[in-house]
Amino acid sequence: MSNKWDLRFLHLATHISDWSKDPSTKVGCVVVGSDREIRSTGFNGFPRGIKDTSERLDDREQKYPLICHAEENAIMHAARVGVSLKGCVAYVTWPPCTRCARSLIQAGVVEVVFPEDIDVPERWVADFDMSMSMMKEAGLEVRSVSSDVE
């Protein structure tokens, strides 16, 4: 896909990330098919029916077991409505973690694109390194692109 389309889908993923109620990190994901059609979207948040109170969201010990990452939400939404993500490209606002890399691989996603100018917190660096290695070993194309607008 051209850089113009990469930027469009990354901007859309950024817009969708704003729907997250997580006070520390907002992540968005757009999964796109071969005709540039949007197959699914997701943002990080609690599962349907789980109350996203500030007490839960502000406490990582409570938040982490409850929260679905953006990529997981996009994959689970697609499964819920019967849409295949096989052969698709996932545009995400952050590099996927190992948990999401596993899910993207198993869903049949063939490419992952994220912005190159991400300031990754130290607590995620080792996980992201392993995630990149997993996706490359599984044959996914992984690209970071400059997200400069206009």
Side-chain angles (χ1 to χ4, degrees), residues 1-52 56-57 60 62-121 123-125 127-147 149:
M1 238 178 263
S2 73
N3 194 45
K4 172 180 79 173
W5 285 101
D6 287 342
L7 292 179
R8 286 176 175 173
F9 290 126
L10 284 174
H11 289 293
L12 182 56
T14 300
H15 175 75
I16 290 167
S17 75
D18 287 336
W19 301 345
S20 172
K21 293 181 182 178
D22 189 324
S24 65
T25 306
K26 297 179 184 306
V27 179
C29 177
V30 176
V31 185
V32 178
S34 60
D35 288 328
R36 294 195 286 251
E37 78 282 7
I38 295 168
R39 299 271 182 101
S40 191
T41 63
F43 56 90
N44 57 314
F46 291 171
R48 288 175 172 87
I50 305 299
K51 289 184 175 62
D52 47 14
R56 286 176 166 172
L57 287 164
R60 285 196 169 105
Q62 288 188 62
K63 177 176 70 173
Y64 282 165
L66 293 174
I67 204 152
C68 295
H69 288 185
E71 301 93 325
E72 292 175 314
N73 266 332
I75 292 164
M76 290 183 273
H77 175 72
R80 183 181 176 105
V81 298
V83 172
S84 174
L85 302 183
K86 185 176 181 181
C88 289
V89 178
Y91 289 88
V92 289
T93 58
W94 268 48
C97 68
T98 52
R99 185 169 116 183
C100 291
R102 289 192 306 259
S103 297
L104 291 164
I105 292 164
Q106 290 299 87
V109 167
V110 296
E111 185 176 359
V112 175
V113 180
F114 57 88
E116 67 184 11
D117 49 357
I118 300 292
D119 188 21
V120 174
R123 68 181 178 275
W124 283 104
V125 170
D127 188 78
F128 285 166
D129 288 346
M130 183 177 283
S131 168
M132 292 303 127
S133 176
M134 286 170 58
M135 290 187 292
K136 288 177 182 169
E137 182 177 341
L140 277 69
E141 182 176 344
V142 179
R143 293 188 294 123
S144 61
V145 298
S146 173
S147 59
V149 266

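No experiment lies behind these values; they were computed from the predicted model shown.
With values rounded to the nearest 0.5 angstrom, Thr25 atom OG1 is found 8.5 Å from Ile67 atom CD1. Interatomic distance, Phe43 CZ to Ile16 CD1, rounded to the nearest 0.5 Å: 9.0 Å. Ile75 contributes atom CD1, which lies 7.0 Å from atom SG of Cys100 (distance to the nearest 0.5 angstrom). The structure places CG of Leu85 at 10.0 Å from NE2 of His77, a figure rounded to the nearest 0.5 Å. Summarising the geometry, atom SG belonging to Cys29 is positioned 5.5 Å from atom CD belonging to Glu71; distances are rounded to the nearest 0.5 Å. The line from CD1 of Ile38 to CZ of Phe9 is 5.5 Å long, rounded to the nearest 0.5 Å.
With respect to the salt-bridge test (charged N to carboxylate O, under 4.0 angstrom), the residues Lys26 and Asp18 do not qualify.
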>> Would Glu111 and Val142 count as a side-chain contact (heavy atoms from CB on, under 4.5 Å) here? Give the steps.
In response: CA-CA 6 Å; Glu111 185 176 359; Val142 179; over 6 Å; no
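For the pair Met135/Met130, no side-chain contact is recorded, criterion being any heavy-atom separation below 4.5 Å from C-beta on. At a threshold of 4.5 Å between non-hydrogen side-chain atoms, the residues Thr14 and Leu12 do not count as touching. Trp5 places none of its side-chain heavy atoms less than 4.5 Å from the side chain of Val32. You'll find the side chain of Leu104 reaches within 4.5 Å of the side chain of Val112, heavy atoms only. When side chains are defined from C-beta on, Val89 does not count as touching Val109, because their heavy atoms never get closer than 4.5 Å. The shortest side-chain heavy-atom distance between Pro95 and Ile118 falls under the 4.5 Å cut-off. You'll find the side chain of Val145 reaches within 4.5 Å of the side chain of Leu10, heavy atoms only.
The closest donor-acceptor contact from the side chain of Ser144 to the backbone of Phe114 lies at 3.5 Å or more, if one exists at all. Side-chain atoms of Ser131 come within 3.5 Å of backbone atoms of Pro96 as a donor-acceptor pair (strictly under, hydrogens ignored). Looking at Asp35, its side chain never comes within 3.5 Å of a backbone N or O of Glu37 through a donor-acceptor pair. A donor-acceptor pair is defined here as one N or O able to donate and one able to accept, closer than 3.5 Å; such a pair exists between the side chain of Arg56 and the backbone of Lys51.
Residues meeting the side-chain hydrogen bond (donor to acceptor under 3.5 Å, both in side chains) test with Ser20, sequence neighbours left out: Asn44. Every residue meeting the salt bridge (charged side-chain N to carboxylate O under 4.0 Å, His left out) condition with Asp52, not counting sequence neighbours, appears here in chain and number order: Lys21.
A perpendicular orientation is assigned to the rings of Tyr64 and Trp124, their planes being inclined by more than 60° (bins at 30° and 60°).
Of all the heavy atoms in Ser84 and Arg39, the pair that sits closest is O-NH1, 2.7 Å. Closest approach of Gly42 and Asn73 over heavy atoms only: CA-CB, 4.1 Å. Nearest heavy atoms, Ser146 versus Leu7: O-CD2, 3.2 Å.
Sorted by first and then second residue, the side-chain hydrogen bond (donor to acceptor under 3.5 Å, both in side chains) pairs with a member in residues 96-106 read Glu72-Arg99, Thr98-Asp127; sequence neighbours excluded.
Annotation for Arg80: atom CZ does not count as buried by contact number, only 12 or fewer foreign heavy atoms lying within 6.0 Å.
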